[in-house]
Amino acid sequence: MHIMATPTITSLYEQLGGQAAVEAAVDRFYRKVLADDRISRFFEGVDMDKQRAKQKAFLTMAFGGPHNYTGKDMRQGHAHLLKMGLNDSHVDAVIELLGETLRDLGVKEDLIQQVAAIAESTRNDVLSR
Amino acid sequence: MPVVRYGGCASELRENESVLDALIRSGAPVSYSCKAGSCGSCMMRAVTGGVPAQSQAGLKDSWKARGYFLPCICHPEEDLTVAAVDADTQVPARIDSIEPLSADVLRVRVACESEFAFRSGQYVTLVRPDGLARSYSIASLPREGFLEFHIRCLPNGRMSEWIRQRARPGEMVRILGPSGDCFYVEGNPRQPLLLAGTGTGLAPLYGIARDALQSGHTGPVHLIHGAVRTEGLYLQHELEALAAAHPNLHYSASLLETDGPIDKVILQRYPDVGNWRAYLCGDPAIVQSLKKKLFLQGMDLRNIHADAFLPAA
């Protein structure tokens, strides 16, 4: 007879490494966003330090971490970008870059899929649908 | 349990309660989102009392040095007085001296009448007796006992014309501030520093460079002053003398007419800036462009301190 270890359910956020993982990912992710011709124009002229803080809040949420985002926040926060032509292809690009960032950091593919699914769940609010 | 004071309110922390939760409970107008130390939306400044290092994790060094912390993950051991991050103090001050540094830049020194804590490179608002106010960066060191500003005389510039033509030493003004996180922070004395600025963007850089050298910074300090042509430069002799006295200080000029845009010059001259720290001051378009390019070149955003000067009539 052997004693099985008590199975523990670890959240996605914990598996990714929590706050430290967000910190490790944020500059890398933001650099990819700024350098990507498909979406960089949406980030022209913004305060980079404030934007970095927003990216951290977004990553924290997408990593399954604690957040206070509501669908309404998402709609309000992106309304001005819709006028600039924000559409599905741009959301696709962001989710793709998010995946690339995590791959660069050596995160396992199944966790990346879970992060992408959380990001995906905001799509309709981001696009005000 | 420790007591947290904010505005006129004081509340005693409950068991395991964060500073943010205590502030929310007392009805203080605070903004927040993740409540987990990640998003940074609730950031505040500790005016008195120490905050645990853990509540400053992930913040810029210059923010930490100003007492910024995240109340949502702060469980202090002692009483705290906190303020919003942009809260200012105001002191009366007296104009000490006004002298030309070049054809259109004045060196203005102002002595505060009461204690005024600042870091070289931060900026303050200079308020004239009639209320006219303009922001200027600080070129002096705290121990010098005065605030030094480099003020460009602009045609129709209301403050600069007043200083050039009417103001005299002894004139009373008010000083509001300080603001800004463009200043030297100790703790990494070997890190290469890039100090780049155009026009009177040299003022904060002059303060930061001297602060770094006097704090014992041993890594290279590259100070690049940008101007359209030679006439736009000033303080060359002082900076050359400073560089002669400190072998790790490298001072150079970058002239638009002969060298091309300063951001291109810098990226060509310093291609490998991954571990550097940068201070960028002056023309907003150049500062924004350099900040973005240095970030894309691999510099950590928390290591880039930028102060864009916006013109006012």
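Each chain gets a letter, A, B and so on, in the order its sequence line appears, and its residues count up from 1.
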Checklist entry - For residues Glu109(A) and Gln113(A), is any side-chain donor paired with an opposing acceptor at under 3.5 Å? => result yes
Item to check | side chain to side chain contact (heavy atoms under 4.5 Å, CB included) involving Arg38(A) - partner list, sequence neighbours excluded | outcome: Asp36(A), Ala93(A), Glu96(A), Leu97(A)
Item to check | Side chain / backbone / both / neither for Ala308(B) at chain A, heavy atoms under 4.5 Å | outcome: neither
Contact class of [X] relative to chain B, heavy atoms under 4.5 angstrom:
| X | value |
| --- | --- |
| Phe63(A) | neither |
| Gln51(A) | neither |
| Phe58(A) | neither |

Item to check | side-chain hydrogen bond (donor to acceptor under 3.5 Å, both in side chains) against Arg31(A), all qualifying residues, sequence neighbours excluded | outcome: none
Item to check | Contacts of type salt bridge (charged side-chain N to carboxylate O under 4.0 Å, His left out), residue Arg123(A), not counting sequence neighbours | outcome: Asp88(A), Asp92(A), Glu120(A)
Item to check | Arg52(A)/Glu23(A) ion pair, N-O < 4.0 Å | outcome: yes
Item to check | Choice from Asp49(A), Asp47(A), Asp73(A) maximising heavy atom contacts with chain B below 4.5 Å | outcome: Asp49(A)
Item to check | Trp63(B) and Tyr68(B) aromatic ring geometry - parallel, tilted or perpendicular at 30°/60° bounds | outcome: tilted
Item to check | Asp272(B) atom CG, neighbour heavy-atom count above 12 within 6.0 Å | outcome: no
Next on the checklist: Pair Gln19(A), Val22(A) - check side chain to side chain contact (heavy atoms under 4.5 Å, CB included), show working.
Outcome noted: CA-CA 5 Å; Gln19(A) 193 194 329; Val22(A) 172; 5.5 Å; no
Next on the checklist: Just to be sure I understand the criterion: a residue of residues 286-303 of chain B counts if one of its heavy atoms is under 4.5 Å from a heavy atom of chain A. Which ones qualify?
Outcome noted: Lys291(B), Lys292(B), Phe295(B), Leu296(B), Gly298(B), Met299(B), Asp300(B), Leu301(B), Arg302(B)
